[in-house]
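Written below as structure tokens is the structure these notes are about.
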Amino acid sequence: MANIKKNRLKDEVAFRRFLPLVSITLLGVFLLMFLLRINSNFATPSSDDFSQVLTNRSHARHMLSLPKQTEFSLQLEKRNQMPPRNLDLYPSLDKDHITIVLYVHNRPQYLKAAVDSLSRVVGINETLLIVSHDGYFEEMNKIVEGIRFCQVKQIFAPFSPHVFPNSFPGVSPTDCKEKDDATKKQCKGTPDQYGNHRSPKIVSLKHHWWWMMNTVWDGLKETKDHSGHILFIEEDHYIYPNAYRNLQILTELKPQKCPHCYAANLAPCDVNARGEGWDSLIAERMGNVGYTFNRTVWRKIHRKTTEFCFFDDYNWDITMWATVYPSFGNPVFTLRGPRTSAVHFGKCGLHQGQGEARACIDNGMVNFQVEEIDTVANINSDWEVRVFEHQPGYKAGFKGWGGWGDKRDHQLCLTFAQMYHS
């Protein structure tokens, strides 16, 4: 009997020692289940319940420290969830289509010219056109809503400075201006390398491009699983009728003809050039007019978020040339034809050209000579590739033009890169 009591006592002692371990294990299991449940709330729903989508994303954004959205910002984001238009006219996309993304600011006359040129592109009806707006401008919206030549989807940058008139990322009453001394003025802001404080209209260019890239590749239902190439053009690009067919040929030839090329381009990197007219393909540094790349390249760019977000230059393209591309460790070439299929016609820069009096198009029109050769595919798959090894332009070591020194802009940029990875 004594032995039985003794054994029971030992069992009770052992159980008491084991109990904390069991409790900790069970607590860990419950915690894991709780976290998994929370994470599931951040997944993009497959339903069309916009309010649920916005609710789920608001939780994620709170954790990501995005600016508190205004009612208008939320309305724009709701519009971003809407399906493409013209599905009744073009119910399906071509199997191997190249999605086209047109990113715009507020230059209506430019946009009219760009849209008119796109309407004449052979094969445009086979693909999806995504128009990304830097904020909301009614005249720009009406032009896009009038498009009938393909499926078209509009997205609006909900954190554009143009959407926040009284707070960051727009103009805040407490913001420092120009070369204000933050300590003396008791104002908010971090100056750039030249001592200048942020200008919302200037920084919106880089913010929009980065938000758009992250949204198109990783956030939109229509493109987040797109495995092919995506073409990016701007509102001051005139696209020739043969552009889409040429691009299809270039992207198909690239793996064999130029395996070290990251992209395909519709135009030379020199925006004033029209091509050499040779019987050969050209491999050169990446241009910013009609550039096209796939998800593999996007992943490589996305991994350089820090380099992109902290480089003190408000231009997205100069940031890419001066710090992101050089960080890849090898030259970044793009493949193009010897004759341009797109032209940059903007004479005014960022956010200029609004209104009749200030329009930057000569005589209100774009005057480009489109010859017969520009109306059909003019790239020969038998051509060899000429490589331009050394070209002028922005390179590693360039310090940037500034305009991008505020820590709040850096943080917003970093957050955009995590919006769809929470």
State, to 0.1 Å, how close F156 and R79 come at their nearest heavy-atom pair, and which atoms those are. CE1-NE, 3.8 Å
Between F311 and K206, which heavy-atom pair has the shortest distance, and what is it? O-NZ, 3.0 Å
Any Lys/Arg nitrogen of R299 or D218 sitting under 4.0 Å from an Asp/Glu carboxylate oxygen of the other? yes
What distance do W321 atom CH2 and N315 atom CG have between them, rounded to the nearest 0.5 Å? 9.0 Å
Regarding E235 and K112, does a basic nitrogen lie under 4.0 Å from an acidic carboxylate oxygen? no
A157 meets the side-chain contact (heavy atoms from CB on, under 4.5 Å) criterion, sequence neighbours left out, with S160, H208, W211
Cation-aromatic face contact K224/Y420, 6.0 Å, 45 degrees: no
I want to know whether W209 and F308 have ring centres closer than 6.0 Å. yes
Considering only NZ, NE, NH1 and NH2 on the basic side and carboxylate oxygens on the acidic side, decide whether E371 and R339 come within less than 4.0 Å. yes
Once you measure the plane-to-plane angle for Y291 and F232, does it fall in the parallel (<30°), tilted (30-60°) or perpendicular (>60°) bin? parallel
Looking at W210 versus W298, is the centre-to-centre ring distance below 6.0 Å? yes
Lys/Arg-Asp/Glu bridge criterion (N-O < 4.0 Å) met for E234, R107: yes
Is the shortest side-chain N to carboxylate O distance from R408 to D175 below 4.0 Å? yes
State the CH2-CH2 distance between W278 and W383, to the nearest 0.5 angstrom. 12.5 Å
Check: H105 ring centroid to F137 ring centroid under 6.0 Å: no
What pairs meet the disulfide bond (SG atoms under 2.5 Å apart) rule with one or both residues in residues 75-180, with sequence neighbours excluded? C176-C187
Identified ring pair (Phe, Tyr, Trp, His ring centres under 6.0 Å) counterpart of F293 within the set W217, F333, Y262: W217
For the side chain to side chain donor-acceptor pair (under 3.5 Å) test, which of E71, E77, Q69 pairs with S73? Q69
